[in-house]
Structure formats: C-alpha cells, structure tokens
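Here is how names work: the chains are called A, B, and so on, in the same order as the sequence lines, proteins then strands, and each is numbered from 1. Here the structure is a predicted model, which is why all the values come from computation and not from measurement.
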Amino acid sequence: MTAARALPRRFYLRDPRVAAPELLNKVLFRGSRAGRIVEVEAYAGSEDPASHSFRGQTPRNATMFGPPGRLYVYRSYGMHWCANAVFGEEGFGLAVLVRALVPLHGLELMRADRTACRRDRDLCRGPGRLTQALAITGADDGADLVTGDRSIVIADDGTPPPNEPGVSGRIGVGAAADQPWRWYVAGQVCVSGPRLTPPGSVLR
DNA sequence: ACCGGGATGTTCT
DNA sequence: GAACATCCCGGTG
C-alpha cells in the first residue's frame, strides 16, 4: 500500500487534453472525505467554444486564467457547484472538470450532505453531486491543489490510470459537442451519464 | 431503463 | 430574455 501524495505543480503545467486521462484513478481529498476520480472532461480555452474561458477573462472565470493546480469552482444552473482543476500555462484559461468519483472515505458525511441520494454509488456520480458530497462550494474557488491550502488536494495513491479509458464527447455542452474530450473508467458504475455498454463488453 | 418538467440564479446578448 | 459544463422526482414500459 502506497501513501497518497499530492500531485506536483508540473502535473498541471500541461495541455488538459493530454493530462485529463491521467487524472483518472487519482484521489480527490477534501478534509476527511475522499473519492477516486473516474470521469473527467477537458476544456481548451480560446480554441474551445464550450469553455467558460472562450471569450476571455471575466470575474467568474478569473481562476481559470491564474496559475495551474488551482481549483476553479462555478455555479451551474443556479443551484449546483462544479469543480475544475486549472491546467497549462497561466493566462490560457485551460481546465479539467471532475465529473464523477468513487466514494472512498467520509461516506457518513457525504450521505449527510446528500440526503436526496439513495444509493452510495450515486453519492459522487455527476459534477454537481460530487461537490455536494465533498462540501465544495464557491468559497473554495481558487484553492491550491498542490499545497492543499484549503484541505483540497488531488493525490496519487499508486493506482495507475486505465490503459484504455473510455472516450466520448462532453456531456451537457452545446458547442463543440463532437470533440472527444471526456474520459472515464470504462465499466465503473459511478460514472455519470447514460449507461453505454455493460462492463467488459465490446463495441458491436 | 428512459423520458419530461421544474427548481433556481448568474452571465451574456 | 435566453442560455446554461445539473439534479431530482414522478411518469411510463
């Protein structure tokens, strides 16, 4: 068993379309709560009409344009929070949205904050759900994931990313829906979105 | 399992 | 006003 170690700054200093699949199977910690990342989406700044940073910096997306390795949190549909890790060189507005986790630690706290949730597998299944389960809000926007200044960290516990992650277009986006910038652990029941193929099945 | 509608508020045209 | 990187509930099959 390997002790979990926070990802170094250099991990984030890359194109999110390259780094995002490597985020799979890393562990997102928030205080005593934690979950394994099993679904992510990359957002590619000025090249990407679906990105919040596509039209340049605003008060909302300022964190995206800051240093890599910080947490960008925004409000979605007026009532949910969604959490991203900032990637690439400062000033480019690149990020990876964390869309789903397998709950690992602090399940009692997660259940308490997700009273509408019936099954544990749905605790962190979706970007709005996982922030609720980990108690991440807009107050956490700008947190440093490398130093853990607000007890939010992404760490490597020795579990490698999948050799062949599932790939698809991003969920819930209108523009650039055809870009294959969503990656997930194939067959994992905690992945969000419609059930595609059953675990282990092959395209036919 | 899959669909449709409502909740709710910030951002931008 | 419209669009939105969503979720939950209650229908139907």
Side-chain angles (χ1 to χ4, degrees), chain A residues 15-17 19-21 23-24 28 35 37-66 70-88 92-101 103 110-143 145 154 165-184 187-199 201:
Chain A
D15 188 312
R17 290 163 291 188
L23 228 29
L24 295 174
L28 175 59
I37 298 171
V38 290
E39 181 184 0
V40 294
E41 285 176 355
Y43 286 86
S46 59
E47 305 173 23
D48 180 7
S51 176
H52 287 174
S53 54
F54 181 62
R55 292 175 180 82
Q57 186 170 341
T58 66
R60 173 176 72 156
N61 64 22
T63 298
M64 287 185 92
F65 288 88
R70 303 252 250 249
L71 192 71
Y72 166 52
V73 184
Y74 70 92
R75 207 193 257 292
S76 175
Y77 290 89
M79 53 190 125
H80 305 293
W81 297 105
C82 292
N84 300 250
V86 176
F87 275 78
F92 284 80
L94 311 175
V96 173
L97 171 67
V98 183
R99 289 196 55 93
L101 311 171
M110 293 185 188
R111 294 184 195 111
D113 283 339
R114 296 252 314 117
T115 53
C117 182
R118 295 176 165 271
R119 311 193 300 299
D120 281 354
R121 60 196 263 181
D122 293 331
L123 244 20
C124 305
R125 183 168 174 265
R129 291 167 172 176
L130 74 88
T131 55
Q132 199 177 2
L134 298 199
I136 290 171
T137 71
D140 300 306
D141 181 47
L145 297 168
I154 298 178
V167 186
S168 81
R170 294 167 293 182
I171 292 181
V173 301
D178 53 323
Q179 298 290 354
W181 294 341
R182 170 178 176 254
W183 294 269
Y184 55 95
Q188 230 307 179
V189 295
C190 295
V191 171
S192 77
R195 291 269 161 278
L196 305 172
T197 51
S201 72

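- Distance from the side chain of A:A116 is smallest to C:dC9 among C:dA5, C:dT6, C:dC9.
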Dot-bracket for DNA chain B, please. Rules: Watson-Crick or G-U, both distances under 3.5 Å, ( ) within the strand, [ ] when a pair crosses earlier ones, | for another strand, . otherwise. |||||||.||||.
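- The distance between atom CZ of A:R75 and atom P of B:dT11, rounded to the nearest whole Å, is 10 Å.
- No more than 12 heavy atoms of other residues, nucleotides or ligands sit less than 6.0 Å from atom CZ of A:F92.
- Comparing atom distances between the A:M64 side chain and each of B:dT13, C:dA5, C:dC8 picks out C:dA5 as nearest.
- Nucleic acid contact for A:G78: base, since at least one base atom lies under 4.0 Å from a heavy atom of the residue.
- Rounded to whole Å, atom P of B:dT8 lies 11 Å from atom NE2 of A:H80.
- When the P atom of C:dA5 is taken as reference, atom OH of A:Y72 falls 9 Å away, rounded to whole Å.
- What separates CD of A:E39 from C1' of C:dA5 is a distance of 11 Å, to the nearest Å.
- Within the structure, a side-chain polar atom (N or O) of A:T58 is placed less than 4.0 Å from OP1 or OP2 of B:dC12.
- The side chain of A:R114 sits closest to C:dC8 out of C:dC8, C:dT6, C:dA5.
- The pair A:R17-A:E41 does not count as a salt bridge, with every side-chain nitrogen at least 4.0 angstrom from each carboxylate oxygen.
- Remark: P of C:dC7 and CZ of A:R119 are 14 Å apart, rounded to the nearest angstrom.
- The base of C:dA5 sits within donor-acceptor range of the side chain of A:Y74, with an N or O pair under 3.5 Å.
- A cation-pi arrangement is not found for A:R75 relative to A:Y77, the charged atom failing to lie both closer than 6.0 Å to the ring centre and inside a 45° cone about the ring normal.
- Stacking between A:Y43 and C:dA5 is shown: the ring centroid lies under 5.5 Å from the centre of the six-membered base ring, and the planes differ by under 30°.
- Whole-Å rounding puts the A:F54 CZ to B:dC12 P distance at 14 Å.
- Side-chain atoms of A:S51 never come within 3.5 Å of backbone atoms of A:D48 as a donor-acceptor pair (strictly under, hydrogens ignored).
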Could you walk me through whether A:Y43 and A:L97 satisfy the side-chain contact (heavy atoms from CB on, under 4.5 Å) test, starting with their C-alpha distance in whole Å, then the side-chain angles of each, then the deciding distance to 0.1 Å, before giving a yes or no? CA-CA 8 Å; A:Y43 286 86; A:L97 171 67; 4.0 Å; yes
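- With C:dC8, B:dA7, C:dC4 as the choices, the nucleotide that has an atom nearest any side-chain atom of A:M79 turns out to be B:dA7.
- Taking only side-chain nitrogens and oxygens, A:R118 never comes nearer than 4.0 Å to OP1 or OP2 of C:dC9.
- One interatomic measurement links the two molecules: CG of A:D113 to C1' of C:dC8, which rounds to 17 Å at whole-angstrom precision.
- To the nearest 0.5 Å, the span separating CE on A:M64 from CZ on A:F87 amounts to 11.5 Å.
- Under 4.0 angstrom from either OP1 or OP2 of C:dT6 there lies at least one side-chain N or O belonging to A:R99.
- Annotation for A:R111: atom CZ counts as buried by contact number, over 12 foreign heavy atoms lying within 6.0 Å.
- Put simply, CZ on A:R55 is 6 Å from P on B:dT13, counting in whole angstrom units.
- Cation-pi contact between A:R60 and A:Y72: absent, since separation from the ring centre below 6.0 Å together with deviation from the ring axis within 45° is not met.
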